[in-house]
Every structure is written in structure tokens, then in C-alpha cells.
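Working notes for the structure below.
Order of appearance sets the numbers: ligands from 1, and atoms from 1 within every ligand.
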Amino acid sequence: MASTATRPIVPPADLESFQAHLNRSTRILALLGAGLSASSGLPTFRGAGGLWRTHDAVQLATPSAFSRDPGLVWQFYSYRRHMALQAKPNPAHYALAELAKRKEGFMTLSQNVDGLSPRAGHPASTLKLLHGSLFDVKCSDFFCSYSETANYTDPIVPALQIPTDESDPTTTSALQARELDISDSNVLLPELAIRDLPRCPNCKKGLLRPGVVWFGEMLPTAVLNDIDRWITESNTIDLIIVIGTSARVYPAAGYVDLARSKGARVAVVNVDRDDEPASGMYQGDWFFEGDAAQIVPEILKSVIGEITEMPDAAEER
Ligand code: BV8
Ligand code: ZN
């Protein structure tokens with residue numbers, strides 16, 4: 001048994017057959033999930049049992065949660081904005097960006113709202129953000145269409161400051177000193193007054209809300225149309241690469257079967273061998289078990305070569 005040091009990241013046989021198919025593929029889809037950014041230090045939805053503090057993350061990502069307690073929902077999103085801004089794209093983000101630059105017919109569908117793929121230089125024309133971005137905001141008032149993109153202000157309003165000075169026991173460093181995590185339920189979150197939350201500068205009435213797609217909300221029409229146009233452009237899709245997703249949220253997860261129905265072979269990259277797409281795995285598919293940050297650059301190497309540079313667009317801001 002080869003020692004761990006020399007054990008190849010992916011089984012050679014799989015790598016060879018996958019790369020042979022990748023090299024000859026002209027129509028490729030990728031579906032990305034939170035596991036892609038796990039190695040960048042961002043918690044997945046299912047990681048930590050899908051909980052942020054004592055709250056079910058999926059429950060917080062709903063219009064009803066926002067109308068019930070906008071302060072709590074904003075603290076959830078402000079925390080995720082802060083974490084995403086602190087994080088850095090990892091080699092998998094760069095490998096996918098490089099594939100997009102080198103493979104004409106490569107379209108990437110991301111469920112991630114963390115902004116790391118754009119920061120890795122993934123061309124926007126072939127990167128579809130299905131669920132929006134943490135760094136877009138829009139007015140929550142039904143009659144106001146105000147929206148803003150690329151708002152990286154952290155915190156977006158002073159009241160959402162994740163405490164930083166020593167006097168406050170909930171400071172990030174004080175917490176780290178006590179090995180507590182701000183997302184830990186033992187740390188009481190301040191009750192925020194509505195007046196301290198981000199207000200719409202246009203109608204001055206509505207609260208601003210994160211520019212993400214909440215459960216029960218439609219995905220952005222322009223994004224869905226762009227994807228449909230790409231899918232119907234040709235009768236075939238050769239390959240879909242499913243990376244770091246439990247593929248349980250729709251309509252995103254539905255693209256795996258849609259691609260399969262157009263002849264695509266499926267390649268899954270996931271640390272959890274049981275996390276297959278709902279429709280299962282078939283003869284000719286690949287399951288690469290392990291960390292996306294390690295595996296994705298390896299399996300795409302035949303097209304993209306070695307990932308050397310990792311420029312971070314955030315540094316140019
Ligand atoms: C809608 C933005 C209707 C916000 C998100 C059909 C069947 C059943 C249900 C439905 C259906 N159609 C619609 C629904 C309802 C619902 C849904 O799908 N519910 C689920 C829970 C069953 N869908 C909706 O509500 C959608 N809207 O349907 O509107 C409509 C129609 C007409 C008119 C009006 C309305 C909207 C869905 C989008 C919700 N927003 N995000 C935010 O982020 O806060 S979804 C959010 O959760 C993410 O974007 C992502 O999509 C999902 C989390 O999934 P993953 O990213 O996969 O993360 P997860 O933690 O689950 O898994 C991580 C994986 O990575 C694991 O497999 C793990 O093993 C792996 N991993 C971990 N570390 C690594 C790794 N892999 C590799 N390397 C590592 N290092
Ligand atoms: Zn407004």
C-alpha cells in the first residue's frame with residue numbers, strides 16, 4: 001500500500017479517463033456549492049449542522065424571517081459578509097476561472113454568494129450567480145426598485161459592527177482568546193433597533209436587504225434566461241462537474257439531471273462519498289472524493305496546467 005505521502009490525490013485511472021473526456025469536451029457545465037469555499041474558511045450550510053448560532057441558516061434565509069426580525073437576519077448576513085471579505089479564493093476557484101478562460105463552451109452555475117469566484121478572476125460572462133451576492137443590497141419595499149451592487153462596506157452600518165475592541169467581551173479577538181466563536185449561541189447578540197439598520201437611500205422608507213435569493217423567492221430572471229439560452233444553443237452537453245454541493249436545493253440541483261438528459265457525463269467533487277446528486281451516479285460518471293481546493297486543480301490540469309498565480313481582485317479595490 002503506497003504511503004500517504006505519495007498516494008495520488010485522485011485514482012490514476014479515473015484521472016486519465018476524466019481528462020480524456022474533459023480534453024475532448026466542447027460543452028461543459030459546472031455546478032458549485034458551499035464546499036468549494038470550505039477551504040477558504042467559510043462554513044457550509046450543512047457544516048455545523050446548518051446552524052448559525054441557534055438558528056437554522058435555511059430559516060434565516062427567508063423573507064418571513066426578515067420581516068419578523070430584520071436585526072437578527074442582518075446580523076447573520078453581516079457576519080457572513082465579514083467572513084467572506086476576510087476569506088481568500090482557494091486554488092479551486094482559480095482553476096475554474098482558468099478553465100473558463102481556456103474552454104470556449106464552459107458555463108459555471110454557482111450557488112455561492114461569497115464573491116470568491118469573481119475575486120479569483122472568473123470571467124463574469126460565463127459565471128452565473130444563481131442565488132445573488134452578499135455584496136449586493138436592494139430595498140425591501142415592494143414598490144421601490146432600488147438596488148446596489150458591489151457594496152463591500154463592512155459593517156454596512158455601525159450597529160452591525162462585529163465588536164473589535166477589548167472592552168467588549170464579544171470582540172472577535174476577546175472571543176478568540178476565549179476560543180468562543182461569535183456564531184456561538186452563548187454569546188448574546190445585541191438587539192438591534194430598526195432605526196439602526198440599513199435604510200433605502202431612494203424611498204427613505206424601506207429597509208435595505210441583502211441581494212441574495214431567499215427560499216421561496218424566484219431566481220434572477222436574467223440569470224435563468226442566460227442559462228437557458230446557453231443550454232438550448234446546442235443539443236448536447238458533454239460534461240457537468242458538480243463541486244462541493246449537496247445538490248438538494250432547487251432549481252439549482254435540477255441542472256444535473258438536465259445536463260444528463262443532454263448526454264452529459266457527471267463528475268462529482270465532494271469530501272463526502274455519500275453526497276451524490278439525487279438522481280445517483282451512472283456508468284461513465286466520476287466521483288472524486290476529497291477537498292475541492294486540492295482536487296479541482298488536479299483534475300483540470302490537462303487543460304489549465306499548474307495554477308501559479310492567484311491574484312485577488314479584492315486587493316485591487
Ligand atoms: C423557489 C442564498 C419558487 C441565500 C440560497 C423542488 C423540490 C423541492 C423543493 C423545492 C423545489 N423547488 C423549489 C423548492 C423549494 C426550495 C428548495 O429547494 N428547498 C430545499 C431545501 C428542498 N427552493 C427555493 O425556495 C428556491 N426558490 O423555488 O422559488 C418560486 C417560484 C415561482 C415564484 C416565486 C417563487 C430558492 C432557492 C435558493 C435559496 N437561497 N442561498 C443565502 O445563502 O443565505 S440556497 C443556499 O443553500 C445555497 O446557495 C445553496 O444553494 C444551498 C446550500 O447548499 P450547498 O451549497 O450544497 O451547501 P451544503 O452545506 O448543503 O453542502 C455542502 C457540500 O459540500 C456537502 O456535500 C459537503 O459534503 C461538501 N463539502 C464540504 N467541504 C468540502 C466539500 N466538498 C469538497 N471540498 C470540501 N472541502
Ligand atoms: Zn426603497
| Arg260/Asp285 salt bridge by N-O under 4.0 Å criterion | yes

| task | Please say whether more than 12 non-hydrogen atoms of neighbouring residues, nucleotides or ligands are located less than 6.0 Å from CD in Glu233. | result | yes

| task | Would you check if there is a donor-acceptor pair between the side chains of Ser246 and Asp275 at a distance under 3.5 Å? | result | no

| task | Could you tell me whether the side chain of Tyr94 and the main chain of Met310 form a donor-acceptor pair under 3.5 Å? | result | yes

| remark: Within the 4.0 Å heavy-atom cut-off, what Asp275 brings close to ligand 1 is side chain

| Is ligand 1 less than 4.0 angstrom away from at least one heavy atom of Gly216? | yes

| said: Could you tell me, atom by atom, which parts of ligand 1 come under 4.0 Å of a heavy atom of Thr245? | reply: 55 (P), 57 (O), 64 (C), 65 (O), 67 (O)

| task | Test Val269 against every option in Asp291, Thr245, Ile243 by the side chain to side chain contact (heavy atoms under 4.5 Å, CB included) rule and name the one that passes. | result | Ile243

| said: Angle between ring planes, Phe18 versus Phe288, binned at 30° and 60°: parallel, tilted or perpendicular? | reply: perpendicular

| field | Enumerated ligand 1 atoms positioned under 4.0 Å from heavy atoms of Tyr77 | value | 4 (C), 42 (C), 44 (O)

| query | Side chain, backbone, both or neither: which part of Ala34 has a heavy atom under 4.0 Å from ligand 1? | reply | both

| query | Is Ser246 touching ligand 1 with its side chain, its backbone, both, or neither, if touching means heavy atoms under 4.0 Å apart? | reply | both

| Can you tell which of Glu276, His131, Arg80 gets a heavy atom nearest to atom 38 (C) of ligand 1? | His131

| query | Can the positive tip of Arg81 be found less than 6.0 Å from the middle of the six-membered ring of Trp74, inside 45° of the ring normal? | reply | no

| query | Among Phe215, Phe76, Phe45, Tyr250, which one has a heavy atom closest to atom 26 (C) of ligand 1? | reply | Tyr250

| field | Ligand-residue contact atoms, ligand 1 with Glu217, heavy atoms, under 4.0 Å | value | 1 (C), 26 (C), 27 (N), 29 (O), 35 (C), 36 (C)

| message | Assess, by modelled atom type and distance only, whether the side chains of Asn90 and Ser39 contain a donor and an acceptor separated by less than 3.5 Å. | response | no

| said: So if I count the atoms of ligand 1 from 1 in the order they appear, which ones are less than 4.0 Å from some heavy atom of Ala61? | reply: 44 (O)

| message | Restricting to distances shorter than 2.8 Å, give the number of protein N, O or S atoms close to the Zn ion (ligand 2). | response | 4

| said: Just to be sure I'm reading this right: ignoring hydrogens, which of Arg248, Gln111, Glu289 gets closest to atom 49 (O) of ligand 1? Compare them by their nearest heavy atoms. | reply: Gln111

| said: If the test is side chain to side chain donor-acceptor pair (under 3.5 Å), which one of Ser110, Ser117, Ser37 qualifies with His93? | reply: Ser37

| query | Applying a 4.0 Å heavy-atom criterion (strictly less than), which segment of Val113 is in contact with ligand 1: side chain, backbone, both, or neither? | reply | side chain

| query | Do Arg209 and Glu217 sit within salt-bridge range, that is, some charged N less than 4.0 Å from a carboxylate O? | reply | yes

| message | Please compare Pro210, Ala38, Gly290 and report which has the shortest non-hydrogen distance to atom 77 (C) of ligand 1. | response | Gly290

